[in-house]
Trainee: 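Shown below is the structure under consideration.
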Amino acid sequence: MIVCVCKSVSDRQIKACIDAGATTMEDLQIDLGVALCCGKCGPYVQEMVTGATPCCGRSCGGCCQSAHGETTEVEVVTVRQELALAA
């Protein structure tokens, strides 16, 4: 799946770069050029780097509702702000 449309970078390329030793968003920006043009791919790429799940932004490996119980209002606002920035 293409993650960065501006640079035509796929999720496989990002995973390969992470497997090869990239540990930060900056590493991926240097190696692949992701999130340097429009930036819309930035949140997803960051999730790939940290291993966070798209549902809550935590590195829990599962859904925020099943792994952490109830979601707090602060967490909901944060996720909404991140989604708004990505749009």
Side-chain angles (χ1 to χ4, degrees):
M1 166 181 82
I2 295 295
V3 173
C4 179
V5 175
C6 298
K7 298 290 185 172
S8 297
V9 179
S10 71
D11 58 338
R12 289 181 184 187
Q13 289 172 291
I14 294 169
K15 288 176 188 175
C17 197
I18 292 169
D19 290 343
T23 58
T24 65
M25 179 71 155
E26 290 78 22
D27 290 341
L28 294 174
Q29 288 175 319
I30 292 167
D31 294 342
L32 301 173
V34 295
L36 291 176
C37 292
C38 76
K40 289 186 179 184
C41 64
Y44 185 77
V45 173
Q46 185 63 46
E47 288 172 359
M48 290 182 74
V49 170
T50 61
T53 59
C55 67
C56 66
R58 294 188 183 121
S59 297
C60 62
C63 178
C64 57
Q65 293 177 355
S66 64
H68 300 289
E70 294 183 28
T71 304
T72 67
E73 186 174 337
V74 173
E75 291 170 330
V76 171
V77 170
T78 302
V79 170
R80 286 184 182 153
Q81 289 172 342
E82 291 173 3
L83 292 173
L85 290 174

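Basis for what follows: all heavy atoms, side chains included, without hydrogens, waters or symmetry-related copies. Nothing fancy with the numbering, it's 1 onward along the sequence. It should be emphasised that the depicted structure is a prediction, and the values quoted were computed from it without experimental measurement.
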Trainee: From E26 CD over to I30 CD1, what is the distance, rounded to the nearest 0.5 angstrom?
Mentor: 7.5 Å

Trainee: Give, for atom SG of C4 and atom CG of L36, the distance between the pair rounded to the nearest 0.5 Å.
Mentor: 8.0 Å

Trainee: Only one of V45, V34, V9 forms a side chain to side chain contact (heavy atoms under 4.5 Å, CB included) with V3, so which one is it?
Mentor: V45

Trainee: How close do D31 and A22 get, heavy atom to heavy atom, and via which atoms?
Mentor: OD2-CB, 4.4 Å

Trainee: What are the two closest heavy atoms between M25 and A35, and how far apart are they?
Mentor: CE-CB, 3.6 Å

Trainee: Quick check: closest heavy atoms across G33 and K7, and the distance to 0.1 Å?
Mentor: O-CG, 3.3 Å

Trainee: Show the nearest heavy-atom pair for residues I14 and M48, with the distance to one decimal.
Mentor: CG2-CE, 3.6 Å

Trainee: As an exercise, state the distance from SG of C41 to CD1 of I2, rounded to the nearest 0.5 Å.
Mentor: 11.0 Å

Trainee: Let's go through V49 and L28 carefully: what are the C-alpha distance in whole Å and the side-chain angles of both, what is the deciding distance for side-chain contact (heavy atoms from CB on, under 4.5 Å) to 0.1 Å, and is it a yes or a no?
Mentor: CA-CA 9 Å; V49 170; L28 294 174; 3.1 Å; yes

